[in-house]
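Here is the structure we will look at, set down as structure tokens.
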Amino acid sequence: MIKRDGSVKRVLSIDGGGIRGIIPAMVIAHLERQTGKPACELFDLIVGTSTGGILALGLSMQDGTGQPLLAAKRMVALYERHGAEIFEQSLWRKLRTVGGIFEEAYSHEALEAVLKHYFGDRTLSECGIPAMVTSYDIQNRRTVFMKSWHADHAALLCSDAARATSAAPTYFEPANLQWAEESRTLIDGGVYMNSPAVSAYAEARKLFPNQPIAMLSLGTGELTRPIPYEEARTWGSALWVMSVLDCMFDGAAKAADHQMQLFLGEDYQRLQATLTYASDDMDDASKGNIRNLKQTAREMIAKTEDELARFFGA
């Protein structure tokens, strides 16, 4: 069971999921309200993939006095106010890309503008606590973990790291970043690790050797939409690309959850909502779906309040 003293190191792991990132953002906002503390004081390490990576960086940033720069409620506002901008597709773009088949479905410029607005010119070195985001380098065929405490990554802009971790194939074009005199072409880390829980645990073991570790893993909603055989058997390559991505993201998250239960037992807490009425599409930023996602988050929080309290030793 999670210890009540200050010796335990608490890790926050946040899944990818596009606009569905509003769900973990609301959970963290709830924790900040309940405890009166910002996420950067509640956790010792925050790790995220894709939309979870955006949250991880935003919640980790502090000013020179150690005060948080972005409260979780501001991250919730990012999805509410800017989701439709990020996932806006004009009629001309739909025609030109044939719905995203011949080119990425969305312009990266809107995403970059939002990230710049929230992160400014802050670098990874300015994260007040250790933060890590995942990506994949398609140029050099390598997994990439951008770490705020790593000397090679210290000068990277948080906005650039956030852009790279959220460059989901078919949705946004890859990001090109350079460090240690090497160019990298980066895409969404969800292609191999939509839930970064296992890697977060590995990093925590290195950062905090011989200290007890507890982890809170936040999902962005479990996919429940079935893919019947009669439907899938007639798909061409274009339809399969989108569905395979969903299956990869979902399968990786479930495998990580199983592994972490074995590693940490009761010191591991996973919160995942079932998307019964909210859409599981990563890019459905309609007002109606934002409303449904927020209601899904509220219901999950209400059901798990006692578990969350126990996680923090209350």
Do [X] and [Y] have side-chain atoms, one donor and one acceptor, less than 3.5 Å apart?
X	Y	result
D15	T220	no
S50	N194	no
T276	T274	no
Y106	D283	yes

Any chain of hydrophobic side-chain contacts (each under 4.5 Å) joining [X] to [Y]?
X	Y	result
I54	L31	yes
M26	Y277	no
L157	L177	no

Output yes when a side-chain donor or acceptor of [X] lies under 3.5 Å from a complementary backbone atom of [Y], and no otherwise.
X	Y	result
R10	F311	yes
E32	A71	no
R184	W179	yes
T185	D137	no
R20	D280	yes
H153	K147	yes
S148	A131	yes
S286	N289	yes
N176	L186	no
T165	A161	no

Rounded to the nearest 0.5 Å, what separation is found between the [atom1] atom of [X] and the [atom2] atom of [Y]?
X	Y	atom1	atom2	result
E182	Q139	CD	CD	7.5 Å
R163	D188	CZ	CG	10.5 Å
L12	Q269	CG	CD	12.5 Å
D152	E181	CG	CD	10.0 Å
T304	L271	OG1	CG	4.0 Å
F172	E112	CZ	CD	10.0 Å

Steps toward side chain to side chain contact (heavy atoms under 4.5 Å, CB included) verdict (F119, D160)
CA-CA 9 Å; F119 295 131; D160 287 344; over 6 Å; no
Do the rings of F312 and F43 sit parallel, tilted or perpendicular, given the 30° and 60° boundaries?
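Rings of F312 and F43: perpendicular, over 60°.
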Any chance you could lay out the side chain to side chain contact (heavy atoms under 4.5 Å, CB included) test for Q259 and Y201, step after step, and finish with the verdict?
CA-CA 11 Å; Q259 291 162 343; Y201 177 62; over 6 Å; no
Would you check if [X] and [Y] make a side-chain contact, meaning some heavy-atom pair closer than 4.5 Å?
X	Y	answer
E80	I290	yes
R298	K294	yes
K9	L45	no
M75	I22	no
S217	S195	yes
M193	Y136	no
Y268	D257	yes
L111	S166	yes

Using the rule side chain to side chain contact (heavy atoms under 4.5 Å, CB included), only one of V133, T134, I14 pairs with P196; which is it?
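So the option named by the test is T134.
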Using 4.0 Å as the upper bound for N to carboxylate O, is an ion pair formed by K206 and E203?
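Answer for the salt bridge query: yes.
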Specify the closest pair of heavy atoms between [X] and [Y], including all atoms of both residues, with the distance to one decimal.
X	Y	answer
G190	T49	N-CG2, 3.3 Å
A285	A84	CB-N, 3.7 Å
L57	A162	CD1-N, 3.8 Å
I187	S135	O-OG, 2.6 Å
G21	L55	O-CD1, 3.6 Å
I19	G83	CD1-CA, 3.8 Å

After noting the C-alpha distance and the side-chain angles of M260 and R270, does the key distance pass the side chain to side chain contact (heavy atoms under 4.5 Å, CB included) rule?
CA-CA 9 Å; M260 288 309 306; R270 171 73 169 171; over 6 Å; no
Other residues, nucleotides, ligands: >12 heavy atoms within 6.0 Å of R205 CZ:
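Count not over threshold, so no.
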Could you go step by step and tell me if L275 and L293 meet the side chain to side chain contact (heavy atoms under 4.5 Å, CB included) rule?
CA-CA 8 Å; L275 298 174; L293 288 169; 4.2 Å; yes
